[in-house]
Amino acid sequence: MHERCLFCRIVAGEIPADIIHEDDLVLAFRDINPQAPTHVLVIPKHHIDSAADIGPTDGDLLARLWATIADVADREGLSRGWRVVTNVGRDAGQSVEHLHLHLLGGRPMAWPPG
Ligand code: AMP
C-alpha cells in the first residue's frame, strides 16, 4: 500500500466508496464524478502506478481485471455496448496514479474521444 495513494486508501477501507465488486486481486467501485449512466473504476488491489507499469508477471491480474469488467457490464445491463478507458500520464489526463480502468456505458459515445 502507498499511504498517500487515494485508491490504496479506498482498498484499505480508509476512504468510503460505492464498492460493487471485491475479490483477492481487484476492486470495482462507482466513479465519484460519473461521465455516463454507468461509470465504474476497476483497479488492482496492490499498487501499480499506471498501465505503463504492467509487467510480464501481471497476467493473472489482467485476466481478472477484464473478467470483472465484463461481469460488471453484464450486471449493469450494458447490452448495447460499453467502453473501457485507462489514462496514462499528463497528456491523457491521468489524475490518480494508481492503475484504474474506467468502464463507461448506458449512453451512445462519440469517437474519437476528446
Ligand atoms: P483519471 O483522471 O483517469 O486518473 O481517473 C480518476 C477518476 O477517479 C476520475 O474519474 C475521478 O472522478 C475518480 N475519483 C476521484 N476520487 C474518487 C473517489 N474518492 N471515489 C471514486 N472515484 C473517484
Side-chain angles (χ1 to χ4, degrees):
M1 172 175 170
H2 287 199
E3 289 185 359
R4 287 189 301 278
C5 169
L6 173 64
F7 288 174
C8 283
R9 296 186 68 195
I10 287 176
V11 170
E14 294 176 8
I15 293 176
D18 186 356
I19 293 169
I20 60 172
H21 171 86
E22 178 169 15
D23 60 42
D24 56 325
L25 293 178
V26 309
L27 191 70
F29 52 96
R30 296 193 191 280
D31 196 291
I32 205 167
N33 183 23
Q35 302 300 311
T38 291
H39 187 172
V40 171
L41 302 175
V42 184
I43 70 169
K45 285 178 133 178
H46 78 267
H47 188 92
I48 298 175
D49 279 349
S50 78
D53 302 291
I54 292 169
T57 61
D58 289 321
D60 288 349
L61 172 64
L62 287 176
R64 189 72 63 81
L65 286 167
W66 283 98
T68 300
I69 286 167
D71 183 57
V72 171
D74 189 45
R75 279 163 41 201
E76 293 283 312
L78 304 180
S79 57
R80 289 172 60 88
W82 41 274
R83 181 175 289 175
V84 173
V85 173
T86 191
N87 295 317
V88 179
R90 193 180 313 159
D91 273 6
Q94 183 179 7
S95 61
V96 178
E97 285 196 10
H98 181 130
L99 173 63
H100 49 284
L101 303 179
H102 297 256
L103 168 63
L104 298 150
R107 64 166 171 82
M109 283 175 228
W111 191 263

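From a predicted model like this one, the values you see are computed outputs, not experimental measurements. Whatever order the structure lists them in is the order used to number ligands and atoms, beginning at 1.
- Nearest non-hydrogen protein atom to atom 21 (C) of ligand 1 is Ile32 N, 3.4 Å.
- The ligand atoms of ligand 1 that sit less than 4.0 angstrom from a heavy atom of Phe7 are 8 (O).
- In terms of protein heavy-atom proximity, atom 5 (O) of ligand 1 is closest to His100 NE2, 2.9 Å.
- Numbered from 1 in the order shown, with element, the atoms of ligand 1 that lie under 4.0 Å from a heavy atom of His102 read 1 (P), 3 (O), 5 (O), 7 (C), 10 (O).
- Val42 and Ile54 fall within the same hydrophobic cluster, defined by Ile, Leu, Val, Met, Phe, Trp and Tyr side-chain heavy atoms under 4.5 Å apart, directly or through other members.
- Contact check on Arg64 versus Asp24 returns a salt bridge, with a Lys/Arg side-chain nitrogen under 4.0 Å from an Asp/Glu carboxylate oxygen.
- Contact analysis puts Val96 in contact with ligand 1, with a non-hydrogen atom separation below 4.0 angstrom.
- Closest non-hydrogen pair, Gly106 versus Pro37, comes out as O-CG, 3.4 Å.
- Using a 4.0 Å cut-off between charged side-chain N and carboxylate O, Glu22 and Lys45 make a salt bridge.
- With ligand atoms numbered from 1 in the order given, ligand 1 contributes 12 (O) to contacts under 4.0 Å with heavy atoms of Asn33.
- Contact check on Glu97 versus Arg4 returns no salt bridge, with no Lys/Arg side-chain nitrogen under 4.0 Å from an Asp/Glu carboxylate oxygen.
- Annotation for Gly89 and Gln94: closest pair N-OE1, 2.9 Å, computed over non-hydrogen atoms.
- Protein heavy atom in closest approach to atom 16 (N) of ligand 1: Leu6 CD2, 3.3 Å.
- Proximity of a side-chain donor or acceptor of Arg30 to a complementary backbone N or O of Leu41 within less than 3.5 Å is not detected.
- Within the listing of ligand 1, atoms 4 (O) sit less than 4.0 angstrom from a heavy atom of Gln94.
- Heavy atoms of Ser95 found under 4.0 angstrom from ligand 1 belong to the backbone as well as the side chain.
- Under 4.0 angstrom from ligand 1, there are no non-hydrogen atoms of Val85.
- Using a 4.0 Å cut-off to heavy atoms of Gly93, the atoms of ligand 1 that qualify are 1 (P), 2 (O).
- The atoms of ligand 1 that sit less than 4.0 Å from any heavy atom of Leu41 are 8 (O), 13 (C), 22 (N).
- Both Leu78 and Leu65 belong to a single network of hydrophobic side chains, linked directly or stepwise wherever heavy atoms of I, L, V, M, F, W or Y lie under 4.5 Å apart.
- For Arg30, the closest heavy-atom approach to ligand 1 falls below 4.0 Å.
- Ring centers of His102 and His100: under 6.0 Å apart, within the cut-off.
- Of the protein's heavy atoms, Asp31 OD1, 2.5 Å lies nearest to atom 12 (O) of ligand 1.
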